[in-house]
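Here is how names work: the chains are called A, B, and so on, in the same order as the sequence lines, proteins then strands, and each is numbered from 1.
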There are 2 protein chains.
Amino acid sequence: MDDIDRAILRELQTDGRIPYSDLGPKVGLSASAARQRLQRLIDEKVVQVVGVTDPMAMGGQTMALLGLHVDGDPRAVADELSRHDEVVYAVLTSGTFDLFAEVVCRRPHDLLDFVNDVVRPIEGVTAVESFPYFGIHTHRFLWDVD
Amino acid sequence: MDDIDRAILRELQTDGRIPYSDLGPKVGLSASAARQRLQRLIDEKVVQVVGVTDPMAMGGQTMALLGLHVDGDPRAVADELSRHDEVVYAVLTSGTFDLFAEVVCRRPHDLLDFVNDVVRPIEGVTAVESFPYFGIHTHRFLWDVD
DNA sequence: TGGCCCGGTCGATGTCGTCCACAGTGTTCC
DNA sequence: GGAACACTGTGGACGACATCGACCGGGCCA
């Protein structure tokens, strides 16, 4: 993990499908070398080149962060939540909540249904607080503090 | 946005660099047609092919969700927060918090510094609650409820 | 029916990915 | 110090691939 690796990752932020023959020169390497390095980064699961969709553009007008209080093992609850397509993100936290989940639905009504019909009935869920939002302000896919 | 588009997006979840000549047949199309469709989806900003890094694998051992209470315009606070590399995600919410931010740091100590030296001094921030976590349970890049 | 548009296939061309042999550099261990 | 080795980048050859334009067929509307 050196400056060249980081340069590669930075290039992948603007275009994940950039040809190696462009990528190489941009990071000061031959195409072959750039390919080897990116391959290595992918193999080591440092980076993953994927298509990221914008829920808004796909009809997901209603988004919310759900803060859950859980009695029992929060991992079981997270597993159960993740089985639903509406849940795009889940983390186990410490603090005043045990678990946060990010949920995307078509309409506000669907969110209400999801919380009441799916989330609340899950074994161990004692309370749900929802924080609706209407757009993502910032979303970075590269963490680069090093 | 039809079933074929969705199939394309699904393929991009496992490999964003898949050749069009593989992608086409996989979604029941010629390579050219697959290319045209993906190009269109990218142009319309429905999808974005990017390299997504795993903060853990890059030395970001300490992550937290920050819930902020803001007096004034939360957007200004979000703008300011987003100027820092530690912040990978920010949303403006309604509910008992005004703003959530996701933060990645190297060590717990860095998180403490970040909250105290950067977040709290921001104009308008009246309270910060932090929810540390030690790993991401689920992270989906495709929202596919349609 | 005729014309148009959208979205697909097909095929030619030049570019690109892939693989391999080789070279340079730094490290380890007598 | 120097031999052996691992690691990483280079260059080239070959086959696979992206790219683009020409063409084609179905749905739609006058």
Side-chain angles (χ1 to χ4, degrees), chain A residues 1-61 85 106 140-146, chain B residues 1-61 85 106 139 141-146:
Chain A
M1 185 83 277
D2 58 12
D3 287 341
I4 294 180
D5 283 337
R6 277 189 280 275
I8 290 174
L9 297 179
R10 227 169 297 121
E11 289 301 327
L12 291 178
Q13 299 309 299
T14 48
D15 180 11
R17 289 181 72 88
I18 183 175
Y20 293 121
S21 45
D22 290 356
L23 179 60
K26 281 206 178 192
V27 302
L29 243 49
S30 68
S32 312
R35 179 173 166 271
Q36 287 176 184
R37 293 184 84 123
L38 177 51
Q39 208 89 306
R40 200 200 69 225
L41 291 171
I42 292 173
D43 289 345
E44 291 173 350
K45 304 201 190 305
V46 172
V47 70
Q48 185 186 8
V49 180
V50 295
V52 179
T53 58
D54 175 5
M56 277 288 196
M58 292 186 70
Q61 310 272 346
D85 286 336
R106 282 195 153 291
R140 243 197 283 280
F141 300 103
L142 172 64
W143 179 69
D144 199 22
V145 170
D146 286 30
Chain B
M1 186 83 272
D2 58 10
D3 287 340
I4 295 180
D5 283 337
R6 276 188 281 276
I8 290 174
L9 297 179
R10 226 170 297 121
E11 289 301 324
L12 292 178
Q13 299 309 298
T14 49
D15 180 10
R17 290 182 72 89
I18 184 175
Y20 293 121
S21 48
D22 290 356
L23 179 60
K26 281 205 180 193
V27 303
L29 244 50
S30 69
S32 312
R35 177 172 166 272
Q36 284 175 193
R37 292 185 84 123
L38 178 49
Q39 209 90 305
R40 200 201 66 227
L41 291 172
I42 292 173
D43 289 345
E44 291 173 351
K45 303 200 190 305
V46 172
V47 70
Q48 183 185 9
V49 180
V50 296
V52 178
T53 58
D54 176 6
M56 277 286 194
M58 292 186 70
Q61 309 273 346
D85 287 336
R106 284 196 149 290
H139 202 170
F141 299 103
L142 172 64
W143 178 71
D144 199 21
V145 170
D146 286 29

Engineer: In this structure, how many angstroms lie between the C1' atom of C:dG8 and the CG atom of B:Asp2, rounded?
Structural biologist: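 Rounded to the whole Å, the gap is 13 Å.
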Engineer: If we ignore hydrogens and angles and just use 3.5 Å, is the side chain of B:Arg17 paired with the main-chain N or O of A:Pro19 as donor and acceptor?
Structural biologist: no
Engineer: Classify the side chain of B:Ser30 and the base of C:dC10 as holding, or not holding, a donor-acceptor pair under 3.5 Å.
Structural biologist: no
Engineer: Starting at CG of B:Leu29 and ending at P of C:dG7, how long is that distance when rounded to a whole Å?
Structural biologist: 12 Å
Engineer: Give, ordered by number, those residues of residues 12-27 of chain B having at least one heavy-atom distance below 4.0 Å to an atom of DNA chain D; if nothing qualifies, reply none.
Structural biologist: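 Only B:Pro19, B:Tyr20, B:Ser21 qualify.
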Engineer: Taking the side chain from B:Thr53 and the backbone from A:Trp143, do they hold a donor-acceptor pair closer than 3.5 Å?
Structural biologist: yes
Engineer: Look at the side chain of A:Gln13 and the backbone N and O of A:Leu9, then say whether any donor-acceptor pair between them is shorter than 3.5 Å.
Structural biologist: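 The answer is yes, because a donor-acceptor pair under 3.5 Å joins these two groups.
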Engineer: Please give me the minimum heavy-atom distance between A:Met1 and A:Arg40, naming the atom from each residue.
Structural biologist: N-NH2, 4.3 Å
Engineer: When rounded to the nearest 0.5 angstrom, what is the spacing between CD in A:Gln61 and CE in A:Met56?
Structural biologist: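 A:Gln61 atom CD to A:Met56 atom CE measures 6.0 Å (nearest 0.5 Å).
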Engineer: Can you sort out the partners of A:Asp2 under side-chain contact (heavy atoms from CB on, under 4.5 Å), two or more places apart, ordered by chain and number?
Structural biologist: A:Ile4, A:Asp5, A:Arg37
Engineer: Mind listing the residues from residues 33-54 of chain B sitting with a heavy atom below 4.0 Å of DNA chain D? Number order is fine.
Structural biologist: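 Under 4.0 Å from DNA chain D: B:Arg35.
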Engineer: Hey, could you give me the CG/CD distance between B:Asp54 and A:Gln48, rounded to the nearest 0.5 Å?
Structural biologist: 8.5 Å
Engineer: Assess whether a salt bridge exists between A:Asp3 and A:Arg6, defined as any Lys/Arg side-chain N lying under 4.0 Å from an Asp/Glu carboxylate O.
Structural biologist: yes
Engineer: So, under a plain 3.5 Å distance rule, would you say the side chain of B:Ser32 forms a donor-acceptor pair with the base of C:dG8?
Structural biologist: no
